[in-house]
Every structure is written in C-alpha cells, then in structure tokens.
Amino acid sequence: MSVLTNPHHGRMRINVKGQVNESTYVQGRLDAEMNFKTSDDTNVIFDQLFVNHDFGDAVTVRLGRQPVVIGDQSGWLYGFPYGYDGAQAMFHQGRVNLTAGYGRFNKSDYTDGVKDQDAFFAKGDLDFSAAKLNLNYLKFTGDKKADTFAGYEIAGAGLTIPVGDFRVFGEYWKDTNWKNGYDTAWNAGLGYGKLNVKKPGSFAADVAYNSVDQGIYFGGTGYQTNVLSYLTDSGTNADRVKYWNAIADVTLQKNVYLHGEYAFDVKTNGGDHSAADEDAWTLSLNYVF
C-alpha cells in the first residue's frame, strides 16, 4: 500500500495480490483520491485488475486492466498511471526485454476519441552495459477521423548512458501519420543517484529539456506537473510546449520518501498564451508499506 499527501490533496493506493499457483497470480489496485478542502472531488476506483501468467522463465502474459510505460521508465511522455484494458505478452531474457500489447487506454487527458479506440504497441529494452536503448511503436486502429488519433502511427527511440553515478539520457518520437506538422517530441537530460526506499538518505535527481508537439501527445504523461495538458486542453490548444523539468526523490526514513517536480521556463507555440506559459510544481510525501 502507498499513500501520497500534500497540503490540499491526498491519494491512497492499496495493492492486492493473490497467488493462484507458482506461475499465475491475480493483482488489483484500489486508488482513492481526495481533496482536503472539499469532499466533492473524492474519487475511488479500481485502476488495475489483471491476471499474470508465466510460461517458463522467459515469457509472461497479462490480461485485464494493467499499467504500462512506453519509452523510458520515467514515462515522461507516455506513462499511463491508469494503464489500459487489454492484453500484453512479454519476453525477458538477460539484458533483452520485449513487450507487445493490444487494448484500450482507459484514462487520458485527450478527450477526442483516444479512450474509445483500440491501440497496438510494441517496445524493446536492450541493455548493452555501456548504454541502455529503448525502441517503441504505437498505432491506433480504425480509420482516421478529424481530431482523433485513429490510424496514427507513433515511433520512438531513447538512449541512457551511465557515467559513474551520473546518467545522460534522451528520447525522440515521431508521429508518421500526422499531416499538419507539429508531429515530434524529444527530450535530453542529466541525472544523478538512485532512490532506495529502504535506505534513508538515498536520492535521485534528474533535469531535462522537453519539446512536445500537439500531434504526438494524447495524454498519459508519467510526470505529475501539468504543462503538457496545454496541448490537449481546448482552453489553450497549444501546438507545441517546450520546458525544463527537474525531478528529485529522497528517502527520509525507511519506506518514506519525498518526491518533487518543477517545470520551468515553459514556452508554448500557438493557442491561448494568456492561459499557458506558467511554471508548475508538485511536492508529495510518499509512504510505502
């Protein structure tokens, strides 16, 4: 179970896992969000419920409502904390991990059809010791329609290079079927350290520059700051968002860590600038037990 708190907002997640046999388990997660100023925003849902089965040591299959991260593990562009409803198959052997899935994203900031369309994705993570490479492909099924991602194909690649306790990382994404320009996304950054929730004083910090176009993003960032919503919010409807993002985690005591994010130097292109170009930050205290 994990608990997130800040002065006005709280979230509790309870994970339940039932072992069916040596190869199969069922897992669910109950997610409860609340606003301490008003009870009107209280929301309780089962955001995960899936069956996991291992075929030997190398192949795993999952069915149900499950989490997914496409790209690097931060999920800066496609983190999908609420995942998707569908199936995925995973192959893991040594330094190679391959995943393919098909289903429907069940929560997204993008409201014009994404949640009503099935999608196929495939990704590979390759560890070469001197560098880690991720390759990604995502396609929404169905015929292309106005203001939706139906039929669109999105491809991306990322690289992380460890340098002692530091890491240099970056990703590049392209929507091959977006016809109106503004169809790429990329980031580049530097990180240091590694968080261990059982070791007080351990920490991780990352800073990255991000550039994201409207034609590549349909909601689901793994970041907690909200600047990418300028691309999907009809009130701003930006064509592109560029910004710096700093993230830090530090373990205060065993199973208790502080998480902070700060998005700054935010610049939007197109849309309503009066409602955008603002910095954003979030700070949360997390308990894991």
Side-chain angles (χ1 to χ4, degrees), residues 1-19 25-34 36 44-50 52 54 60 62 65-83 90 92 95 97 99 107 125 127 129 132 134 158 160-169 171 187 189-208 220-226 245-263 280-289:
M1 180 165 67
S2 63
V3 179
L4 175 151
T5 60
N6 66 32
H8 305 301
H9 179 79
R11 181 181 68 206
M12 177 178 290
R13 288 174 171 171
I14 301 175
N15 290 281
V16 181
K17 182 178 179 180
Q19 197 75 37
Y25 67 84
V26 179
Q27 182 166 317
R29 187 174 74 176
L30 186 67
D31 182 285
E33 295 188 30
M34 63 210 74
F36 296 143
V44 181
I45 61 172
F46 244 116
D47 65 346
Q48 295 179 21
L49 184 60
F50 60 88
N52 188 99
D54 295 323
T60 298
R62 284 183 178 177
R65 175 163 291 186
Q66 53 196 290
V68 63
V69 173
I70 303 176
D72 73 20
Q73 291 305 303
S74 72
W76 72 282
L77 195 59
Y78 303 126
F80 302 111
Y82 291 90
M90 295 164 279
H92 33 86
R95 298 178 180 272
N97 293 281
T99 302
K107 184 169 183 178
D125 297 295
D127 188 345
S129 295
K132 295 180 179 179
N134 69 75
T160 299
I161 302 174
V163 185
D165 291 330
F166 289 89
R167 58 189 166 273
V168 180
F169 59 88
E171 280 191 349
N187 79 343
L190 178 68
Y192 179 84
K194 183 177 181 180
L195 183 73
N196 183 342
V197 296
K198 297 186 180 300
K199 183 179 179 181
S202 70
F203 71 94
D206 296 89
V207 62
T221 177
Y223 288 174
Q224 294 180 10
T225 50
N226 62 353
N245 201 78
I247 299 178
D249 294 281
V250 58
T251 301
L252 303 180
Q253 59 185 49
K254 186 177 180 180
N255 295 331
V256 180
Y257 70 95
L258 188 68
H259 174 83
E261 297 181 19
Y262 179 45
W281 64 274
T282 179
L283 187 65
S284 62
L285 186 63
N286 298 264
Y287 305 82
V288 181
F289 55 93

(Q) Minimum heavy-atom separation for Ser129 and Asp127, please, with both atom names. (A) N-OD1, 2.8 Å
(Q) How long is the straight-line distance from CH2 of Trp76 back to CG of Asn187, given to the nearest 0.5 Å? (A) 4.0 Å
Q | Minimal non-hydrogen separation, Gly158 against Glu171, with atom names | A | CA-CG, 3.5 Å
Q.
side chain to side chain contact (heavy atoms under 4.5 Å, CB included), that's the test. Do Thr99 and Val68 meet it? Break it down for me.
A. CA-CA 10 Å; Thr99 302; Val68 63; over 6 Å; no
Q) What closest approach, in Å, do Ala204 and Gly193 show between heavy atoms, and which atom pair accounts for it? A) CB-O, 3.8 Å
Q | Straight-line distance of Asn196 CG to Thr251 OG1, nearest 0.5 Å | A | 6.5 Å
(Q) Does Tyr192 form a side chain to side chain contact (heavy atoms under 4.5 Å, CB included) with Phe203? I'd like the steps, not just the answer. (A) CA-CA 8 Å; Tyr192 179 84; Phe203 71 94; 3.6 Å; yes
Q. Is the backbone N or O of Tyr78 less than 3.5 Å from a side-chain atom of Thr221, with the two atoms forming a donor-acceptor pair by type?
A. no
Q. If every non-hydrogen atom of Thr160 is compared with every non-hydrogen atom of Pro162, which pair is closest and at what distance?
A. O-CD, 3.8 Å
Q. Taking atom types as modelled, is there a side-chain donor on His92 or Asn97 under 3.5 Å from an acceptor on the other?
A. no
Q: Drop me the distance from Leu190's CG to Ile161's CD1, to the nearest 0.5 angstrom.
A: 11.5 Å
Q.
In terms of relative ring orientation, are Tyr25 and Phe50 parallel, tilted or perpendicular, with 30° and 60° separating the classes?
A. perpendicular
Q.
Any donor-acceptor pair under 3.5 Å linking the side-chain atoms of Asn15 with those of Arg29?
A. no
Q. What residues, two or more places apart in sequence or in another chain, satisfy side-chain contact (heavy atoms from CB on, under 4.5 Å) together with Tyr262?
A. Phe264, Asp279, Trp281
Q: Taking the side chain as every heavy atom from C-beta outward, state whether Asp249 and Asn286 have any atom pair closer than 4.5 Å.
A: no
Q) Which distance, rounded to the nearest 0.5 Å, do you find between the CD of Gln66 and the CG of Leu49? A) 10.5 Å
Q) Is the backbone of Glu261 close enough, under 3.5 Å, to the side chain of Gln224 for a donor and an acceptor to pair up by distance? A) no
Q) Pairs in or reaching into residues 190-207: which pass salt bridge (charged side-chain N to carboxylate O under 4.0 Å, His left out), with residues at least two apart or in two chains? A) Arg167-Asp206
Q: Give the intermediate values and the outcome of side chain to side chain contact (heavy atoms under 4.5 Å, CB included) for residues Val288 and Tyr257.
A: CA-CA 8 Å; Val288 181; Tyr257 70 95; 3.9 Å; yes
Q | Minimum-distance pair of heavy atoms, taken over all atoms of Ala263 and Asn245 | A | CB-OD1, 3.5 Å
Q | OG1 on Thr282 to OH on Tyr223, rounded to 0.5 Å | A | 13.5 Å
Q.
To the nearest 0.5 Å, what is the distance between OG1 on Thr60 and CG on Asn52?
A. 5.5 Å
Q: Taking all heavy atoms of Asn226 and all of Ala280, pick out the closest pair and write down the distance.
A: OD1-CB, 3.6 Å
